[in-house]
Amino acid sequence: MSERPLIAEAVARLEPLVPRERILVMTSRDIAPQIRAAIPSIPEKNILVEPKPLGTAAAVLWAAGEIRHRAGPDSLFCCMHADLAVAFVDAFRHVLREAARVAATGDAMVAVGVHTTRAETAFGYLLPGLPIRGDRPLSEGGACHVIAFEEKPARPRAEALVREGALWNSGIFVWRTRVILEKMAQHCVELAPSFASLDAHDHDTFAMEVRSVSIERGLLERCSGGLVVLPGDFGWDDVGTWAALRRARELDDEGNGASGRSHFMDASGNVVHAEGASVVLYGVDGLLVVTLPGLTFVTTVDRAADLKPLLDSLPPDLRRSGQRPE
């Protein structure tokens with residue numbers, strides 16, 4: 001995994017496919033300066049700064065409105081989180097091209113799915129049904145209709161979904177602008193009051209009118225029958241949780257993963273992200289230790305997926321320090 005910020009990695013992966021003037025970045029006001037500094041090649045007008053945290057459904061809606069205004073309602077667009085690890089970049093680009101082809105052919109909402117390796121409660125699941133093309137099943141990389149989408153199920157349900165052949169939701173989607181706008185208008189009631197202000201490009205009013213909801217909960221769980229899943233095999237991982245850094249970093253012989261200056265003795269299965277001061281772990285197992293300017297927090301790797309409520313409850317100055325890993 002590169003030491004560059006994840007947003008810079010994401011842009012670098014896209015640039016051979018998408019000209020930089022057609023890459024939009026949604027970010028929050030508190031980290032906008034760092035985002036701009038990390039991706040100086042992206043035009044200033046393409047960095048859309050939320051007046052307040054909107055939730056991913058509203059962020060996608062804002063981006064879709066902006067794309068409709070700039071490029072027209074039939075434009076295809078791909079949206080993804082920046083906090084992804086991709087091991088095989090050429091394979092990743094191939095999947096995006098295929099997803100665009102599927103989305104363009106049938107006005108489908110295409111979600112890129114990843115084959116599961118465990119019952120992970122921090123991810124969403126796509127349960128595939130019949131293939132789009134009878135001669136190209138899922139096992140051969142073909143796109144399939146989605147029977148159901150389930151976001152972050154409890155462990156017993158996650159285990160059942162793995163047995164049923166569900167794929168993880170990678171957080172990568174491709175669709176036509178008008179299609180996603182129509183689906184959101186039909187299904188995402190949390191955003192219903194905001195469409196008029198979006199059409200008027202009144203983004204401050206838009207931000208006041210929307211209710212925060214994720215794209216997974218607000219749309220995909222409600223209209224999973226309109227989804228198509230395309231499998232992607234490109235070494236994906238979601239590093240939007242601190243614990244996932246252990247999967248994205250090289251590990252020592254005891255299974256410790258680290259970013260920054262750290263030292264381990266009689267310690268195993270730990271994750272360290274150190275900015276500035278060094279971190280030394282002695283005689284402990286399975287800990288997550290994160291040091292950022294002005295903030296240090298310690299928990300277990302098992303509890304790391306539950307950090308969002310903690311971070312959301314922190315005072316604003318601490319919350320800015322405790323952003324998801326870049």
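These figures come from a predicted structure and were not determined experimentally.
- Linking ILVMFWY side-chain heavy atoms closer than 4.5 Å, directly or via other members, places Leu220 and Leu61 in a single hydrophobic cluster.
- No side-chain heavy atom of Leu198 sits under 4.5 Å from any side-chain heavy atom of Glu66.
- Contact record, Ala111 with Leu227: CB-CD2, 4.5 Å, taken as the closest heavy-atom pair.
- Checking side-chain atoms of Thr116 against main-chain N and O of Arg118 turns up no donor-acceptor pair under 3.5 Å.
- With hydrogens and angles ignored, the 3.5 Å screen pairs no side-chain donor or acceptor of Asp202 with any backbone N or O of Ala200.
- Shortest non-hydrogen contact noted between Phe195 and Leu181 is CE2-O, 4.0 Å.
- Atoms CD1 and CG, from Ile180 and Asp107 in turn, are 12.0 Å apart once rounded to the nearest 0.5 Å.
- Between Glu164 and Arg157, at least one side-chain N (NZ, or NE/NH1/NH2) sits under 4.0 Å from a carboxylate O, which counts as a salt bridge.
- Residues Ile172 and Phe92 have side chains in contact (heavy-atom distance under 4.5 Å, counting atoms from C-beta outward).
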CA sep, side-chain torsions, deciding dist, call: Thr177, Asp74, side-chain contact (heavy atoms from CB on, under 4.5 Å): CA-CA 6 Å; Thr177 303; Asp74 281 327; over 6 Å; no
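- Residue Trp62 is grouped with residue Met109 when hydrophobic side chains (ILVMFWY) are merged at heavy-atom distances under 4.5 angstrom, including chains of intermediate members.
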Check against side-chain contact (heavy atoms from CB on, under 4.5 Å), Val284 and Leu287: CA-CA 7 Å; Val284 294; Leu287 289 185; 3.7 Å; yes
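- Residues Pro128 and Leu167 meet the side-chain proximity criterion, which asks for heavy atoms closer than 4.5 Å.
- In this structure, the side chain of Asn270 does not engage the main chain of Asn256 through any donor-acceptor pair within 3.5 Å.
- With hydrogens and angles ignored, the 3.5 Å screen pairs no side-chain donor or acceptor of Arg20 with any backbone N or O of Pro43.
- Ring centroids of Phe88 and Trp236 are separated by 6.0 Å or more, keeping the two rings apart.
- Side-chain atoms of Asn46 come within 3.5 Å of backbone atoms of Glu21 as a donor-acceptor pair (strictly under, hydrogens ignored).
- His145 has its side chain within reach of Ile132: a pair of non-hydrogen atoms, C-beta onward, lies under 4.5 Å apart.
- At least one side-chain heavy atom of Cys78 sits less than 4.5 Å from a side-chain heavy atom of Leu96.
- Side chain of Ser75 to main chain of Ala71: a donor-acceptor pair is present (N/O by atom type, distance under 3.5 Å, no hydrogens or angles).
- Placement of Phe77 and Leu48 within a single hydrophobic cluster is found when ILVMFWY residues are connected by side-chain heavy-atom separations under 4.5 Å, directly or transitively.
- Of the possible polar contacts, none joining the Lys183 side chain to the Cys223 backbone as a donor-acceptor pair under 3.5 Å is found.
- A salt bridge is defined here as a Lys NZ or Arg NE, NH1 or NH2 lying under 4.0 Å from an Asp or Glu carboxylate O, and Arg68 with Asp199 meets this definition.
- A side-chain donor-acceptor contact under 3.5 Å links Ser197 and Glu209.
- Residues Phe264 and Val298 fall within the same hydrophobic cluster, defined by Ile, Leu, Val, Met, Phe, Trp and Tyr side chains chained together at heavy-atom separations under 4.5 Å.
- Of the charged side-chain nitrogens involved, at least one lies within less than 4.0 Å of a carboxylate oxygen, so that Glu190 and Arg222 count as a salt-bridged pair.
- In plain terms, the two heavy atoms of Val289 and Leu281 that are nearest each other are CG2-CD2, 3.9 Å.
- Closest of all the heavy-atom pairs between Ser214 and Thr56 is CA-OG1, 3.1 Å.
- Contact check on Arg29 versus Glu50 returns no salt bridge, with no Lys/Arg side-chain nitrogen under 4.0 Å from an Asp/Glu carboxylate oxygen.
- Closest approach of His203 to Pro51, counting heavy atoms only: O-CG, 4.2 Å.
- Between the side chain of Arg101 and the backbone N or O of Arg97, no donor-acceptor pair lies under 3.5 Å.
- In this structure, the separation between CG on Leu288 and OG1 on Thr299 is 6.5 Å, given to the nearest 0.5 Å.
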side-chain contact (heavy atoms from CB on, under 4.5 Å) evaluation trace for Lys152 with Tyr125: CA-CA 8 Å; Lys152 298 179 180 176; Tyr125 289 77; over 6 Å; no
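- A salt bridge does not link Glu140 to Arg136: none of the charged side-chain nitrogens sits closer than 4.0 Å to a carboxylate oxygen.
- Formation of a donor-acceptor pair under 3.5 Å by the Trp175 side chain with backbone atoms of Val110 is not found in this model.
- Side-chain contact between Glu98 and Val112: absent, with no pair of heavy atoms (C-beta onward) separated by less than 4.5 Å.
- Heavy-atom minimum distance, Gln34 versus Asp30: OE1-O, 3.8 Å.
- Two different hydrophobic clusters hold Val174 and Val60 under the rule that ILVMFWY side chains link at heavy-atom gaps under 4.5 Å.
- Between the side chain of Arg13 and the main chain of Val89, no donor-acceptor pair closer than 3.5 Å is present.
- Surrounding NE2 of His187 are more than 12 heavy atoms belonging to other residues, nucleotides or ligands, all under 6.0 Å away.
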Evaluation steps, side-chain contact (heavy atoms from CB on, under 4.5 Å), between Met26 and Val49: CA-CA 6 Å; Met26 299 290 305; Val49 180; over 6 Å; no
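- The shortest distance between side-chain heavy atoms of Phe149 and Asn169 falls below 4.5 Å.
- Residues Val11 and Glu15 have side chains in contact (heavy-atom distance under 4.5 Å, counting atoms from C-beta outward).
- For Asp253, the CG atom is loosely surrounded, since the number of other residues' heavy atoms within 6.0 Å does not exceed 12.
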